[in-house]
Each structure stands twice: as C-alpha cells, then as structure tokens.
Number of protein chains: 2
Amino acid sequence: MKLSPWEIEARFRRHAVRLTRQRVAIYAALVNDASHPTADELYRTVKRQHPMMSRNTVYCTLGALRQAGLVQEVNVGHEVARFDGNVTVHHHLICRVCGRIVDVMDEELNRLAISSRQAEGFHVLGYRIEFYGYCADCQQARPDVLEHCG
Amino acid sequence: MKLSPWEIEARFRRHAVRLTRQRVAIYAALVNDASHPTADELYRTVKRQHPMMSRNTVYCTLGALRQAGLVQEVNVGHEVARFDGNVTVHHHLICRVCGRIVDVMDEELNRLAISSRQAEGFHVLGYRIEFYGYCADCQQARPDVLEHCG
DNA sequence: GACTAGACAGGAATGATTCCTACATAGCAT
DNA sequence: ATGCTATGTAGGAATCATTCCTGTCTAGTC
C-alpha cells in the first residue's frame, strides 16, 4: 500500500504523533512493506534515504507509533520482533520453515467469544490468532531442526 | 497436577527422551507449576534440590522436551520465553497488566477453519489463540506505559 | 524569532539465550 | 555386571536484539 505524504501527515496529526522526517520515513517504509519487517530491516531500508539515521531512532519511533496505535508488533515464537503497519483487526498465517508471515482478514474469525466460566473474571479486550504451517513454497522442505547442546 | 516419578519416567521413554535426574526435576517442576514459568524461574526452583544445576541444562532440557513434544513454549508479546507442561490443544488468556497467563480449554475454539482463498496455498497445521485483557485482580489498575526515549 | 518539550545520533549497557569445552553418565552391547 | 559411546551436564564466554544514557537538535507553539 503506497501512502501519500499528506496522508501520513494526516495520520500523525490525528494520532498526536510528532511529525519528523525520520518518523515519516520509517512509517512509510513499514506501510509499504507487507512482509512484517524487523526493526533492523526497517533501519537498513530507511538508512538508504537517511544515512545518519540511528537504530535507536527506529526503535523509539516504532515504540511511539505503537503507543499511538499506528503500528502493531507481531511476535512469532521467540524470534526477533516484527512490525505491522496494518492495524485493522486481522490475524496471521506463519510458515514454520521460512518464517513468512501473511495477513489473514476474515470476518468469521473476528466473532470468537470465550465462555465466561473459562474467563475467570478476566475482562477480555481482544484476541490474536496465529495459524502455523507450511507455505506454498515450503511444502516439500522440512524444518531444519538443529539444536546444539554439548 | 502432581505427577508420580514413574509416570514421568514412562512419558520420557514413550517420547524417547533420555532419562536424567536433572531432566526429571525440570519437567516435574514445570508440570507442577500452572503459572507458565520462565527458564530462569524453573532454574531457581530446581536449583533448590540440585544446587549444581546449570542454567544451560535448563535451556537444553526445555529444548529437548519441546522437540519431544512434552513441553511447549508460550510467548507473550516480546517478553521472556515462558513454558507450559500442558501440551493438550489449548489457548491462553493473558493479562496486560500483570502478565498472568491462564489456560483456556474450550472445545468450541478448536474447530476454527480458515477460508482456502485466504490460505494462499498454505498447509495449515494448527493455530494458537491469545486472548488479552485485564485479569480479575488488575481491572482497576492501568497498564504502566513508561517508555523512555531521550 | 525565540522557547521548550520532546526527538535524534551515537555509543555504552543489559540480559536472555546460545555457544564452547572438558567432564560425567545413560543406555546399550558384550 | 562391565565397558563403550553417544549424549547430557556444568561452567563460563560470547552473542545480539533491545534498552539506556547523554549531549545536541528541532517541531510545535507563543
């Protein structure tokens, strides 16, 4: 999704996010990239246009945008944090082999309820579903399980 | 759930997991603890009985048990890895304030299907649902959002 | 145009996890 | 039972994503 500069500006103002060149560049890079990039991937992308950009700025910006509700963090297993510029309610499909993450937007999946007996007094705000399996490209491949211990 | 030593031994043999004092101690500690402890919490628990225990052994054992299918890893946001000795299909309810994780076992939630149009050729093996909200004890409390950047 | 709270760059610090190595032992075969 | 060998263990070093720190800069406002 290609976002115009003024649309980004409008979103920042609407969410009371301070407008800086760096933040706009980072947000644009994230929204243009459907692959759920890591902080470091965004850093390297944005650095091409802003050679002085610091890694710290990327982390701070992602933190600020997340708090503002313009960005969400996606975590797969215990791997490096990934980010998603799509903040509409949706879920994810994750390949066990290559780690690819695909968005799943299905109204059917947005109506789940938890029985109050199970909720144990919890006030449930929402939920996240992670489907896992093998993507089209990796059906043949087997996950490389190599863990070293001694 | 209190597990007898011979039941643990049987499970290890059934899953071809090499039987050592350390592994039994770690597995017993995990199964007895419904709070989804971290590797370090398990380490400190087990260390009381086995003062020579190394942290590395805890990590290796959890890795081996996970590969054997006796243990699963639960990840909340980008926090420290947590472990669950309950490997039956179930989901989690997570408190945004205190981080408490509660198991949700609800047959209704185990029948989700994803439309093939959305699946994009994925071979879906399973899924995991994380409900998030405020637990009974934390309904009043507000999540402490304090992020420092400069 | 000047002020000030907040953002930026650069680098140091943190800390969970992994890697390395020498020693110990479980499980199997004899 | 005894010895063999692959695997596990203890301890400590190394890794590396993320956070913290500090001085400088700048967006937003008056």
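Every chain is numbered from 1, with letters handed out A, B, ... down the list of sequences. Since the structure is predicted, the reported quantities are computational estimates derived from the model, not experimental observations. The analysis underlying the following values was restricted to heavy atoms, covering all of them including side chains, and did not include hydrogens, waters or symmetry mates.
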Undergrad: Grab the CD-C1' distance between B:E79 and D:dT19 for me, whole Å please.
TA: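 In whole Å, D:dT19 C1' and B:E79 CD are 14 Å from each other.
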Undergrad: Could you tell me how far apart A:E73 (CD) and D:dA17 (C1') are, to the nearest whole angstrom?
TA: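 In whole Å, D:dA17 C1' and A:E73 CD are 12 Å from each other.
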Undergrad: Test your reading of the model: is there a side-chain donor-acceptor pair from A:D33 to the backbone of A:A29, 3.5 Å cut-off?
TA: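 Looks like no, no N/O pair under 3.5 Å.
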Undergrad: Mind running side-chain contact (heavy atoms from CB on, under 4.5 Å) on B:R23 and B:L65 for me, showing each step along the way?
TA: CA-CA 9 Å; B:R23 289 182 167 196; B:L65 293 176; 5.7 Å; no
Undergrad: So do B:L125 and B:H123 actually touch side chain to side chain, heavy atoms under 4.5 Å?
TA: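 Yes - at least one pair of side-chain heavy atoms lies under 4.5 Å apart.
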Undergrad: Could you give the CG-to-P distance, from A:L42 to D:dA17, as a whole number of Å?
TA: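 These atoms are roughly 14 Å apart.
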Undergrad: Mind calculating the distance between OH (B:Y59) and P (D:dT15) to the nearest angstrom?
TA: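 In whole Å, D:dT15 P lies 18 Å from B:Y59 OH.
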Undergrad: Atom CG of A:L62 to atom P of D:dT19: distance rounded to whole Å?
TA: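 Atom CG in A:L62 sits about 10 Å away from atom P in D:dT19.
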Undergrad: Can you tell me the distance, in whole Å, between the CZ atom of B:R13 and the P atom of C:dA26?
TA: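 For the pair B:R13 CZ and C:dA26 P, the rounded distance is 11 Å.
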Undergrad: What bend angle does the helix from C:dG1-D:dC30 to C:dT30-D:dA1 show across its length, from five-pair end axes and to the nearest 10 degrees?
TA: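 End-to-end axis angle for the helix from C:dG1-D:dC30 to C:dT30-D:dA1: 40°, rounded to 10°.
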Undergrad: Can you tell me how far C1' of D:dA27 sits from CD of A:E9, to the nearest Å?
TA: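 After rounding, the gap between these two atoms is 12 Å.
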Undergrad: Given 3.5 Å as the limit, does a donor-acceptor pair link the side chain of A:Q139 with the main chain of B:G121, or not?
TA: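 Such a contact is found between A:Q139 side chain and B:G121 backbone.
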Undergrad: Without swapping roles, check the side chain of A:H36 against the backbone of A:I101 for a donor-acceptor pair under 3.5 Å.
TA: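 Yes, the answer is positive, given that a donor and an acceptor are paired below the 3.5 Å cut-off.
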Undergrad: When you measure from the side chain of B:E7 to the backbone of B:S4, do you find a donor-acceptor pair of N or O atoms at a distance under 3.5 Å?
TA: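 Judged by distance alone, no pair lies under 3.5 Å.
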Undergrad: Would one find more than 12 heavy atoms of other residues, nucleotides or ligands at under 6.0 Å from atom NE2 of B:H50?
TA: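 Result for NE2/B:H50: enclosed.
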Undergrad: Output all residues satisfying salt bridge (charged side-chain N to carboxylate O under 4.0 Å, His left out) with A:R55, sequence neighbours left out; order by chain, then residue number.
TA: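 Only A:D40 meet the salt bridge (charged side-chain N to carboxylate O under 4.0 Å, His left out) criterion with A:R55.
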Undergrad: Are the side chain of A:Y27 and the backbone of A:I8 linked by a donor-acceptor contact shorter than 3.5 Å?
TA: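 A pair under 3.5 Å: no.
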Undergrad: Side-chain N or O of A:H78 less than 4.0 angstrom from OP1 or OP2 on C:dT17?
TA: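 Answer is yes, contact under 4.0 Å.
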Undergrad: How would nucleotides 6-11 of chain D be written as a contact map, 5' to 3', with B for base contact, S for sugar-phosphate-only contact and - for no contact, using protein heavy atoms under 4.0 Å?
TA: BBSBBB
